[in-house]
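Heavy atoms only: backbone and side chains are in, while hydrogens, waters and symmetry mates are out. Note that ligands are numbered from 1 as they come in the structure, with each ligand's atoms numbered from 1 the same way.
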Amino acid sequence: MRMSDELLTIDDMDVDGWRVLLRADLNVPLTLVPAGVPVGVADDTRIRAALPTIEELCRRGARLVLVSHLGRPDGPDPAWSMQPVANRLGRLTGAPVRLAPGVIGTEVRELTRCLQPGQTLMLENVRFEAGETRNDPRLAGALAELADVYVDDAFASAHQGHASTSGVAHLLPSAAGRLMAREVNALRAVVDDPARRLVAVLGGARLGEKNGVVRRFLELADVVCIGGGMCFPFLAALGHHVGQSLCSREDVGRARTALNAAAGSTDRLVLPDDLQLVRWGSGDGVVRDSLDGVDVPNGWMGLDIGARTAERYAEAVLTAATVFWNGPMGRFELPQFARGTRVVAQAVASTSATTVVGGGDTVEAVRQFGLEESVSHVSTGGQAMLEFLEGRELPGVEVLRRKARDRVQRADGPGPDPNGPAGHRTLTPGPSGRS
Ligand code: 3PG
């Protein structure tokens, strides 16, 4: 059995001729016409990330039933149809992808039965079904009727225990797709016995969302460099003036709690010692200044780490054997405040360490600087990645782990393995046969 973080993968699964329900995260941004009707896919990164699994399963003779959510529709809504996604996937694979008229039901089931090996049917947006986010067992059961085996490649949705990410996995022989396995392996390499030194660079504006990750890395990493809007609550908690910089009272409380929890290891926490400021309210005639120090005067706001801090963070990255980076160091979309993020990105791209980068803005920054190819792993997971690194159980991963454990116990136990002849460890569907 080839394990990936104790997960079974599609290497362990016989798919030839079987209907495979593949859960991918194809929740992509859409391009809208003025009437608000989606006409196309604005960024197909997530579709491309799912391609290795889709193409491999098709090559191996699977009859593929693809399911994903798109946006957060409140019931069926043509504005959130999967049609633009099906069109783009068809263009990328060079084979048309038919869109089912719904998610479940008799007609959809018939369409899955008519699928030929190597063909793909995409289901409509699974969030058109109210039971999806409630993990309704009836919806999970109806999804299970559409296939013989289940493959989960939706790492970016794995933090949610929904019918298509968790419920259905309990009902069918299940395995991880290539992307799911790659994400889990890459993130485990950061938190489970990482090669030392482990350096984390954490930024972005919302400390509330990243508090758990900051605290975990303060326990785990050798160095934690904090930048972006998130540094101001820490600076305020240490008694510095932050002027008009982003800094809510709640975040200062969070920073204080993190600092207290890290007492004894605060030498691992590295904060800026210089900043790039903007005059508050200077509008288009942006007034900038460099601050040697971190006490921001009233009427000014910090929008980037300073040049010296950027060099220190880059040096920390270059001393590491494992690097995790999440969150920009400043407002990098404004060229005059992009330096901190660019210097960190260049260090991450140039080191021979294992480098893992994640989070929408960070990935966007790495791409903007043309450095994506030089990073070991660019995660597709936002919240899912943060929760995994915090050490929280992700329902979509847990169910796959549990199924793998159950299977090992059955195969090692005295009775015959219900999924195959004794000693045969390839996952096959139940007794109903190919339908
Ligand atoms: C994401 O984009 O983070 C995932 O697809 C989950 O989407 P959601 O936040 O709408 O559940």
Side-chain angles (χ1 to χ4, degrees), residues 21-32 38 41-51 53-54 66-77 79-82 84-86 88-89 103 122-136 139-140 143 151-169 176-177 179-180 182-184 186-187 204-206 208-210 212-213 326-328 356-367 377-390 392-400:
L21 181 68
L22 173 62
R23 175 58 159 101
D25 190 321
L26 307 178
N27 184 25
V28 291
L30 300 172
T31 45
L32 304 177
V41 169
D43 176 354
D44 61 9
T45 304
R46 284 189 171 175
I47 306 178
R48 288 175 188 274
L51 280 180
T53 305
I54 294 172
L66 189 51
V67 61
S68 174
H69 75 281
L70 181 62
R72 296 179 177 173
D74 198 9
D77 179 348
W80 291 106
S81 167
M82 296 297 293
V85 181
R88 177 62 64 93
L89 177 62
V103 181
M122 186 179 286
L123 303 183
E124 253 305 359
N125 189 342
V126 71
R127 288 197 182 160
F128 286 0
E129 294 291 328
E132 164 65 356
T133 52
R134 289 202 305 265
N135 195 6
D136 185 334
L139 176 60
L143 287 169
V151 174
D152 191 355
D153 219 17
F155 177 75
S157 300
H159 59 304
Q160 296 164 327
H162 291 173
S164 69
T165 58
S166 171
V168 67
L179 178 61
M180 173 69 91
R182 198 152 50 82
E183 291 272 12
V184 168
L187 297 179
R206 293 179 292 272
E209 282 173 15
K210 299 188 185 171
V213 162
N326 171 263
V356 177
V357 167
D361 291 340
T362 323
V363 174
E364 180 54 39
V366 168
R367 241 183 236 154
H377 181 72
V378 176
S379 179
T380 56
Q383 191 59 25
M385 176 194 72
L386 293 176
E387 291 189 20
F388 188 99
L389 294 173
E390 267 177 55
R392 281 156 68 170
E393 282 193 351
L394 307 190
V397 174
E398 266 327 291
V399 61
L400 295 177

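Looking only at protein heavy atoms, the nearest one to atom 9 (O) of ligand 1 is Arg72 NH2, 2.6 Å. In terms of protein heavy atoms, atom 6 (C) of ligand 1 is closest to His69 NE2, 3.6 Å. The shortest contact between atom 4 (C) of ligand 1 and any protein heavy atom is with Asp25 OD2, 3.4 Å.
Counting atoms of ligand 1 from 1 in the listed order, those under 4.0 Å from a heavy atom of Arg127 are 8 (P), 10 (O), 11 (O). Every atom of ligand 1 with a heavy atom of Gln160 under 4.0 Å away is listed here by number and element: 8 (P), 11 (O). The contact set between ligand 1 and Asn27, taken as ligand atoms under 4.0 Å from a residue heavy atom, comprises 1 (C), 2 (O), 4 (C), 5 (O), 7 (O).
In this structure, Ala156 counts as a contact residue of ligand 1, since one of its heavy atoms falls inside 4.0 Å of the ligand.
A side-chain contact (heavy atoms from CB on, under 4.5 Å) with Leu21 is found for exactly one of Val168, Val151, Leu66, namely Val168. With Asn326 as the partner, the side-chain contact (heavy atoms from CB on, under 4.5 Å) test is satisfied by one option alone out of Val357, Leu386, Val213: Leu386.
The residue Met385 has no part lying near ligand 1, judged by heavy-atom distances below 4.0 Å. Here Arg46 has side-chain heavy atoms under 4.0 Å from ligand 1, and that is the only part of it that gets that close.
When atom types are taken as modelled, the side chain of Asp361 and the backbone of Pro328 share no donor-acceptor pair closer than 3.5 angstrom. Thr362 places a side-chain N or O within donor-acceptor distance of the main-chain N or O of Gly327, the cut-off being under 3.5 Å.
Residues Asn27 and His69 bring a donor and an acceptor atom of their side chains to less than 3.5 Å of each other.
One finds a salt bridge joining Arg23 and Glu132 here, because a Lys/Arg side-chain nitrogen approaches an Asp/Glu carboxylate oxygen to under 4.0 Å.
At a 3.5 angstrom cut-off on N or O pairs, His159 does not count as close to ligand 1.
Of the inter-residue distances, the one linking Glu398 atom CD with Arg392 atom CZ reads 13.0 Å to the nearest 0.5 angstrom.
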